[in-house]
Each structure stands twice: as structure tokens, then as C-alpha cells.
There are 4 protein chains.
Amino acid sequence: MFVELDLQSEVPIYKQLADQLIEGIASGKLAAGQPLPSVRALAADLGINLHTVNKAYQTLKQEGFLEIHRKKGVIVQPGPLPAADEAFLARLRRDLRPLAAEASARGLNEQELTELMQTLYRSIQNPPPEGGSSL
Amino acid sequence: MFVELDLQSEVPIYKQLADQLIEGIASGKLAAGQPLPSVRALAADLGINLHTVNKAYQTLKQEGFLEIHRKKGVIVQPGPLPAADEAFLARLRRDLRPLAAEASARGLNEQELTELMQTLYRSIQNPPPEGGSSL
Amino acid sequence: MFVELDLQSEVPIYKQLADQLIEGIASGKLAAGQPLPSVRALAADLGINLHTVNKAYQTLKQEGFLEIHRKKGVIVQPGPLPAADEAFLARLRRDLRPLAAEASARGLNEQELTELMQTLYRSIQNPPPEGGSSL
Amino acid sequence: MFVELDLQSEVPIYKQLADQLIEGIASGKLAAGQPLPSVRALAADLGINLHTVNKAYQTLKQEGFLEIHRKKGVIVQPGPLPAADEAFLARLRRDLRPLAAEASARGLNEQELTELMQTLYRSIQNPPPEGGSSL
DNA sequence: GTGGTCTAGACCACG
DNA sequence: GTGGTCTAGACCACC
């Protein structure tokens, strides 16, 4: 698995994991319908508790990025991914706003900020190759 | 004060307050050297706990956006504001990354995302007029 | 067989199967004494595990909806079907209660709920024709 | 609290709890905006684990029946309750269907079933008085 | 083997 | 004191 966790971070582990799985989906490293490791296997792999993995999986299932089957385990949403609906855009604006504000207060101009965003966006969709392709 | 808090939000109140003060600085609504209400006054005004206001002030002082004097009280940083140093940029990227990833996964393309960012940035620097100018 | 399984449902497969067999009995699509496919045949037909079919059959035998003979195989109860005894009614109330409560909380009025129930009941006893009559 | 749990039931404890809270909301025993016991208090009261109570609360928050605040704790949704949208109706039909089918197979006729449903619905909206009014 | 549930005890952020 | 997170270990249903 390509996931890298910072156990010291203030960002909850389950969220780091969920974020990186979403990023894997966005980049195509995780293809639609692709099976993910079982909660136990991933927990062992990452050296964290099974419940923490489970919380990440449940969160993503809830949002529609994953499906969880009785026996097949966990797979990437095989159908259409959740859309950028108004609820998501509102959340996105809410989260982006303080970041943009602080960037502005610190003297980052509009172009610098949008270019940073572009660079990020592109590095997500076209990630630098690294070790194994998926898991 | 122009601050509007959502007491039901999952975002901590002290962070909402700190964020909006930074936004006020970014927009110019809070000018360099300008005095801010005392912890007590602002807490009473907003109907929140003293400690919450204090935590927001201390956080902003720590980051260099405010100065706190025994006698003069709290004022907006009169000198140069904190710069967009590498530490800030790293934090910015870390926080922006999962947002960009989810936006991408949900089908928002690069242009839509950057335009959303631009719109936000401009609305911060040039906020719609509303009520009293500052406090 | 008219059975349709949703392998991704949170409802256990064996229960989906048992439920649809009961529905077949309720509708008359499965007549008293009628033979059912062998465990192996049905499992192959539905593409599921032997044990899953077996569990559904055993459950229904236990409740009195099926009979399982060594030689004749599995047949629909040829005699009187299990009655709506107090044990069943208690279970029915227990399962219905939270559904009625949530419907009420969500603003569905008594008439809407009972009409929904009637529609369901009728569609079960008089199902829309579809493909082969039974198996 | 008016909640009664059956620790031996096959129905998960957290679901029993969530169901009874919804029923409390439907009946008016839990009024909009009313505070609920803290997870710890309710867990102690019911003799179950705090995480089990938390799961029930989180589920209901997710569905829009509760709000969870940092300090105020948990309150009943003060605004409009979730509506009986198509997603709910689909779930309702899916859950009701096997119950109606078995009732039919066991010889309960349409009137008996709908009357049972009505009786339940009314007993929820107008529950028999019992001990303390709320918590 | 899988995920689902429950318990237990701990630490932390928040207010 | 509140909920949020994490860990740990256990049992169960399902397949």
C-alpha cells in the first residue's frame, strides 16, 4: 500500500488514511472496483489499530467512495464516484477560506496561490511514480 | 465586531475566531496597529467563554499577527506581518492537498477548482460592505 | 428460479433468499408440496455458496415453510403453513415498530404509511408477471 | 431515560438505542432542541459501554435527528427533522416487504396487517404514560 | 477468512 | 466535564 502516515501529526490517523485513499482514487492508482486490503491486513501493514482502519473505511463508504461487502471485503466504488454537489462545494469553500485568508495576510498574491493549487492538483492527478503501482 | 461564529460547527470556536481575525487583517478591515477588544469585552460581545477568546488571541500572537501588551491591550501587528515562509507553505500544501484530491475525485476539473479559489481570494481581499467597518 | 439477490446489500444473502422463498409461497408462485431445486443446483444457479443456500433452507424448514427429505429433496410445506401465532406477531411488532417510528418522525402520516403497506401487501399477493412462473 | 434495552437480543444494542431515541422524537417525548444525556452519563445509566452510546448518537447525528456540540453535548435536532425522501421510502419498502410477505404467508390478511400497523403508529405518537416524562 | 459489534481503558482538545 | 481519537482484545455472523 502506498499510504504514509504521520503518527505525530495533529491530523487524525483515520483521516490521513481516508485522505490518501481518496487521493489514490483521484490519481487512478486505485481503480474502480479494485479490492482494498482487509481492515486487519491494512492495520497490520500500517502498524495501527484495526478500528482506526475501519473508521477510515466506514467514512469513505458513507461518502460513497468505497463499497464494503460481507465476504469480498472492501472495494473502490465500481460505479460513478460521488459528485461535486453543492454540499461538497460549500464544505470546500468553508475549508478553503481560512487558508486563502492566511495566505493573503502573509503576502501570497492571487497568482502564487492559484499556481500552488494547480501544482498540487496536477501532482495528484499525475503522481510521480514510486515503488509498487498500487498495493 | 464583524465576527460571526457557528457554535454548532465542527470547527473549534477559537479557530473560527482566529480565522476571521486573520481574514479581517487580510482584507484591511483590521489595520496594522489597530486595537482589538479586550478578551473580556469580546467574549461578552460574542457570548463565548473567556478562555476561548484568549486562546484565539494567544494563537495569533504566537504566529505574529497580534501583539499583546499589558497596558495597551491587544493590537494588530503594527510591523510587518508574518511572511509566507516555507513552514507556512508546507502547512498550506498539507491542508490543501486532501481538498484538491477530493475535488478531483468528485470530478471538479483544474479550472473549476482554481476559479473557485480565485473567487474566494478576491472576496477576502475585497469583502462585500456590511454594517460597521470594524468594531 | 425467480430469486434476485443483491450481493452488495447489507442484508445477508441467506436471508434475502429465505425472504424471497417466503414471498414466493405467499404469492402462490410456490405451491404447497412443490419441489425446490437441490441445494447444489440452486447454489450453482444463483452463483453463491452451498452453505448459504443450505442455511436459507434450514431456516425455512425450522419455521415450517419447507420440508426436507432425504429422497424427495426439498419441497414447499404440503400441509398447513405456519400460523401467525403470538410469537410471530411479537416479532412482527418488534420489527415494525422502529420503521413506524422513523416514518412518523420523518413526517409520514398514518394514512401514507398504511397505504404504503397495503400497496406492498397487494404487490406480494398479486405480483406482476415476469419470465417463467416458478423455476 | 425511558430507554429499555434487551442485551440478549439479536438486534445490536446501539440500534435498539437509536431506534428508541427516534421513537422518543416521533412521540414528542424528546422535544426539538432538548438536551440528551452525555455519552458517559447515558452509558452509565444503561449499563453499557460509552462507545456503544456514542455509535447510536453518531448514527442519529449522521441521519439528521441529533446535533452534537462541543460543549453543550447532544441535543435533539432543533430545526426541521429529516424528511421522508425517496431514499427513506425505498429503505422502508425494502424492510417492510419481507415482513409483509411472511405475514401474508402466515395467513394474516390485509386488514389485519394494516390495523396492526395503525395500532403501532398510534401507540408511538401517543405513547402510554410511564414514570418520568423524559429523562 | 471477512466485517460487525461490544467492551475497556486511555489521552487529548475544547470550553 | 464534554466529545474525539486511538488502542486492545474479544465474540459473533457470514460465506
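If you're wondering where the values come from, they're calculated on a predicted model, not measured in any experiment. By convention in this document, chain letters (A, B, ...) are assigned in the order of the sequence lines, proteins followed by strands, and residues within each chain are numbered from 1. FYI, side chains are in, hydrogens and waters are out, and symmetry mates aren't considered; it's all heavy atoms of this structure.
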Provide, to the nearest angstrom, the distance between the [atom1] atom belonging to [X] and the [atom2] atom belonging to [N].
X	N	atom1	atom2	value
A:Asn49	F:dG4	CG	P	18 Å
C:Leu46	F:dC15	CG	P	13 Å
A:Tyr57	F:dC6	OH	P	16 Å
A:Lys61	E:dT2	NZ	C1'	14 Å
A:Ile75	E:dT2	CD1	C1'	14 Å
D:Leu17	E:dT5	CG	P	14 Å
A:Ile48	F:dA8	CD1	P	11 Å
D:Gln16	E:dT5	CD	C1'	12 Å

Open item on the list: Evaluate C:Tyr57 against C:Leu21 for side chain to side chain contact (heavy atoms under 4.5 Å, CB included), listing each step before the verdict.
Closed with: CA-CA 9 Å; C:Tyr57 276 177; C:Leu21 292 176; 3.8 Å; yes
[X], nearest nucleotide to its side chain (from [options]):
X	options	value
D:Ile13	E:dT7, F:dC15, F:dG3	E:dT7
A:Arg40	E:dG4, F:dT2, E:dC14	E:dG4
D:His51	F:dT5, F:dT7, E:dG3	F:dT5

Does a side-chain N or O of [X] approach OP1 or OP2 of [N] to a distance below 4.0 Å, or not?
X	N	answer
D:Lys55	E:dC6	no
A:Gln58	E:dG3	no
D:Thr52	E:dT7	yes
D:Asn54	F:dG4	yes
A:Ser38	E:dG1	no

[Y] backbone acceptor or donor facing [X] side chain under 3.5 Å:
X	Y	answer
D:Gln77	D:Gly64	yes
C:Gln20	C:Glu4	yes
B:Gln16	B:Val11	yes

Task: Bracket string, DNA chain E, 5' to 3' - pairs by Watson-Crick or G-U geometry under 3.5 Å, | interstrand - done: ||||||||||||||.
Task: Residue whose nearest DNA chain E nucleotide is more 5′ - A:Leu50 or B:Val11 - done: A:Leu50
- [ ] Report the C-alpha distance between A:Arg94 and B:Glu10 in whole Å, list the side-chain angles of each, state the deciding distance to 0.1 Å, and finish with yes or no for salt bridge (Lys or Arg N to Asp or Glu O under 4.0 Å).
- [x] CA-CA 12 Å; A:Arg94 189 201 62 187; B:Glu10 61 186 357; 3.0 Å; yes
Open item on the list: I want to confirm an ordering. Mapping C:Lys15 and A:Gly47 to their closest nucleotides on DNA chain F, which one lands closer to the 5' end?
Closed with: A:Gly47
- [ ] Taking side-chain hydrogen bond (donor to acceptor under 3.5 Å, both in side chains) as the test, write out the residues that go with B:Asn49, two or more places apart.
- [x] B:His51
Task: C:Arg91 atom CZ, neighbour heavy-atom count above 12 within 6.0 Å - done: yes
- [ ] Grab the two heavy atoms, one from B:Ile124 and one from A:Ala100, that are nearest each other, plus how far apart they are.
- [x] CD1-CB, 3.8 Å
- [ ] Remember a base hit wins even if backbone is also touched, and classify C:Tyr14 as base, sugar-phosphate or nothing at under 4.0 Å, heavy atoms.
- [x] sugar-phosphate
